[in-house]
Amino acid sequence: MSPLVATVSVLLLLVKQVWSDLPASRTQLNERLQDALMPNERESLDDCHFRYYNLGGGNAVAPAFGSPAFLREFAHIAAIGWSQKDGNVRWDCGGSLIWENFVLTAAHCVADQDNIAPDVVRLGDIDLYNDTDDAFAQQYKILEIIRHPDHRFIAKYHDVALLKLEQYVTLNETVAPACLWTEDEVRFPVLQAAGWGATGFGQAQTPSLLKVSLRPVEKEQCNRHYQVGDRGLKDGLKADQMCAGDIKMDTCPGDSGGPLEVKLLHNTKVTPFIVAITSFGTACGQSLPGVYTKISSYIPWIRSVLEAHGEEAPEWKFRPYACALRYVTLREYEPDVVASKTNFSESVNLEYVHVQLAEPTSTVVLGWDSVTESADNCHGVLIDEDTVITLAQCTSFKGKPPTYVTVTASGNDQYDISSISIHPDYRNGSLYNNIAIIKLNEPLNFHKYLLPACLWPHYALPDDRFEILGRGRRDLNELYLYQTPTINAVSKSLISRADLHQRDNCTLPSVYSARLPVGLSEEHLCFGNAPFLVPETCELMYGGAVQRNVFRLQKYFKHLFGLSMLGRDCGYGQSAIAVRIASHMEWLSKVLLTNRPHEAANAVRFYNSDLTPGDHCQLPFGAGSGQCTEVAHCPKVRYDIQLERQVSFCSNASVVCCPMHHIRNVTHKQSSSAARNELDDCETRYKSVHRKTYLFYEIRDDRDNDETERDQYPHVVIVIWRADDGTAYECVGTLITQSAILSTGECLSLIGTNQAVVVLGFNSTSTTIPVQEVIIHPQYDASTLRNDIGLIKIRGKVEPTTGKVPACLWHNQTHTPFRLKQFMQAEMQYLNSYPMYNKYCERYNHYGNRSLEPTQLCLSLESVNNPIAPGEPAFWQNELDDEAGYVVQYLVGLVSYVFPMMTVHTRIESYVDWIKSVL
């Protein structure tokens, strides 16, 4: 094996393991992870990047490699010649190699004006009279000429012939047969003609091979130029003839018999398919269409000729997939993957492939139990553990709704459907408001192969190029380099790129237009790709994702722009359409965010005008009881009013029903001014020592330019005591003032001796300070771990010279910093952790299905099975916007209990007033 073959073979293995996602481009949103805040209660569907942050990924890049190029573009083009007495050859017609020993040409090319037949064919030569490419050229004598039996030289019908060569050609990148387009329908807007004729600008015949793009011309228009009774057209143009032309040029004398072709995409390659043969036309250079013989009508005759000459030419070999695969290793790469190219080599970058085999990570297949068969192309997209969105048209098959979904990314597991919500404005058979929501009976467990799609809520897309999902023949989508392809008709999942089309270039097939009586609307997302595909290469997954990776908070997340609804060949050649998610976000929110009202009239309600501040009241949505409080003392409800959430008012618009744990500065006795000031002024008081040389950063003291190592855990202390039997116990604590420490009520409630001390470090030489008082929250519940917080007062103060400084308290009642640093004493390190909605966390609670209180905080961890202990703090670092590099670290939560990958914390913000009241 040559070094090149060996290298390419290794790279092929890499290609099979990685999907090259689209380049980032405008998809990198300006969202700083360090500044991100997550709402404590779900208020938007645009929160997937928060909820599933641990499932976010990187952006893979596909490998590049080298490959031979040679003259693949014209490997099938044949020059048909007449040998002259002086030894030269007159090349007066063109043709196409369609079998390894047969050339297809026009019947009128089998004799010149002197009724002499051609005798030679030359292949693999672009410049007929220059020896620069002679090393690739192959020249053969014509052994036999087979003209169509119905052709007459006095007429212009059945203008097709086959030339049998004296031997089989040598197959390589320079010489290989083309395929034949077998369908009568010619739906290609642009075709290519090639030959050695004049250029169309009055130049003489040239030895260099030329190509020109032509457009098919409607038969009615062509009949204006070629009428019944014209010379050779007794019956006018027939069904097996077609017209094509261009305003600038047409095929010219010397091109007769040459191909009118289209290049179709498959296997990251392009194969020429001959649609017609150049027959006759007007003088070169005039903008009148030429006439071509359509080849589809003559394929049975071609097969009969081949078989009569001993060739094995069954019908299946002429099917597009079979022909495309036969010579796939010799074909050109699709232009978008070719990074550079010469006549002899090319560099290929697979980052820009159009379509390839890949299993979708969020797609499900809809199924029916109640009918003998299921709709064969109805899919949906997972947007969370138990929610699928799909097309409304897919919610009924033979009058029955789907009963389950199959999750292909998790081994074809099936999940029963519990409910279906169809857009209220959808009508059967319509392509408007064609969207529905499916809820599952039980939640799925996501992993790296099974991921949710994030909803893109904006009408404007982050990029005009994205991915679509499809299915197609496996053999037409494998990447073949030098190995022999194997016929494999199994349908496999595909991911294809697509470009956004606007209304002016949305080229829907006319057969679909009738289903859009008022045309495209803003809810339609039109997309496609310029090249056409070999049939069976890709068909849309209806209800499948139109998506793209978007870079948010330093990770990539698949964002769902739409659901594929209509289109042929995955939108290749002609556009396809999807229902745009952004157009239906309000309806989706109404159904999925049940605690968020969507009409201003229902946003607020008065509970009882007789209630006054201090009275008990009922919270909305059955959330329990609260207390009537001035709205200024309830930041949580004040925020709800801004979001137009439903809230309960008491006596007037300034008095609201506030959850007890959210009431500020009214229910507890006021702290002393010194303690209050130290907590309230924490940021300005300690920012000069909260430097980037502390938490989360390197621990050198850069300010003094010395090598003194600082405490990497400046807020963390250990509380130690001994039981009566001499057993030593300890709690992890967090310094919040120079004389106060927070930990959990569960741990501090075990202290039964006055001999407890606080250790300001993690070794035997660390400074110790006696404990003066232990205060447990009065509503601490040991059985449920509610209000799991306690405070220690020490004798004296902790001076900054010890390396320990207080952490500030997080006060915000409505939002939590997104990236937190979870301290872990057993490993003496910080772990990245991220908040989750409490309802989400409850699904994974392994401790008796405890429900979480609003005073508790659930955090997910980036790694599993970490030895995290109760009382260990979670911090957030705020980088202040100044040149001094100051930062402030906030205590956000204290671990209450732990289960795999998640920890439940006591929210510090819920206890700020209590902390102040006991200091």
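Note that the numbering runs from 1 along the sequence shown for the chain.
Between the side chain of W876 and the main chain of Q34, a donor-acceptor pair closer than 3.5 Å is present. Here the side chain of D615 pairs a donor or acceptor atom with the backbone of T612 at under 3.5 angstrom. Listed for the T629 side chain is a donor-acceptor partner under 3.5 Å among the backbone atoms of Q627. A donor-acceptor pair is defined here as one N or O able to donate and one able to accept, closer than 3.5 Å; such a pair exists between the side chain of S589 and the backbone of M585. A side-chain donor-acceptor contact under 3.5 Å links K555 to the backbone of Y53. A donor-acceptor pair under 3.5 Å links the side-chain atoms of S743 to the main chain of V732, judged by distance alone. Counting only distance, with no hydrogens or angles, the side chain of D47 and the backbone of F50 share no donor-acceptor pair below 3.5 Å. Counting only distance, with no hydrogens or angles, the side chain of D788 and the backbone of G745 share a donor-acceptor pair below 3.5 Å.
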TODO: Could you walk me through whether W587 and H423 pass side-chain contact (heavy atoms from CB on, under 4.5 Å), step by step?
DONE: CA-CA 8 Å; W587 175 72; H423 194 287; 3.8 Å; yes

Open item on the list: If you apply the rule disulfide (SG to SG under 2.5 Å), what do you find for C628 with C650, and how did you get there?
Closed with: CA-CA 6 Å; C628 291; C650 294; 2.0 Å; yes

TODO: Evaluate ring pair (Phe, Tyr, Trp, His ring centres under 6.0 Å) for F875 paired with F823, printing each intermediate quantity in order.
DONE: CA-CA 8 Å; F875 298 104; F823 173 73; 7.8 Å; no

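Using a 4.5 Å heavy-atom threshold, the side chains of L55 and L451 count as touching. For the pair I789/L742, a side-chain contact is recorded, criterion being any heavy-atom separation below 4.5 Å from C-beta on. No side-chain heavy atom of V757 sits under 4.5 Å from any side-chain heavy atom of V771.
Taking the charged nitrogens against the carboxylate oxygens, R664 and E909 do have a contact shorter than 4.0 Å, which makes a salt bridge.
The number of heavy-atom neighbours closer than 6.0 Å to OH of Y449, taken from other residues, nucleotides and ligands shown, is 12 or below. The 12-atom threshold is not exceeded at NZ of K839, counting heavy atoms of other residues, nucleotides or ligands nearer than 6.0 Å.
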For residues 811-818, tabulate all N or O donor-acceptor pairs below 3.5 Å that involve a side-chain atom, not counting sequence neighbours.
unit_1: H811; atom_1: ND1; unit_2: L809; atom_2: O; d: 2.7
unit_1: N812; atom_1: OD1; unit_2: T814; atom_2: N; d: 2.8
unit_1: N812; atom_1: OD1; unit_2: T814; atom_2: OG1; d: 3.0
unit_1: N812; atom_1: OD1; unit_2: H815; atom_2: N; d: 3.0
unit_1: Q813; atom_1: OE1; unit_2: K636; atom_2: N; d: 2.8
unit_1: Q813; atom_1: OE1; unit_2: H662; atom_2: ND1; d: 3.4
unit_1: Q813; atom_1: NE2; unit_2: H662; atom_2: O; d: 2.7
unit_1: H815; atom_1: NE2; unit_2: Y639; atom_2: OH; d: 3.3
unit_1: T816; atom_1: OG1; unit_2: N40; atom_2: OD1; d: 2.7
unit_1: T816; atom_1: OG1; unit_2: R907; atom_2: NH1; d: 3.0

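Of the inter-residue distances, the one linking N54 atom CG with S833 atom OG reads 9.5 Å to the nearest 0.5 angstrom.
Using cut-offs of 30° and 60° on the angle between ring planes, the pair H777 and W914 is tilted.
For E746, the salt bridge (Lys or Arg N to Asp or Glu O under 4.0 Å) criterion is met by no residue, not counting sequence neighbours. For the salt bridge (Lys or Arg N to Asp or Glu O under 4.0 Å) test, residues two or more places apart in sequence or in another chain that qualify with D46 are R552.
Nearest approach of L735 to V805, heavy atoms of both residues: CD2-C, 3.8 Å.
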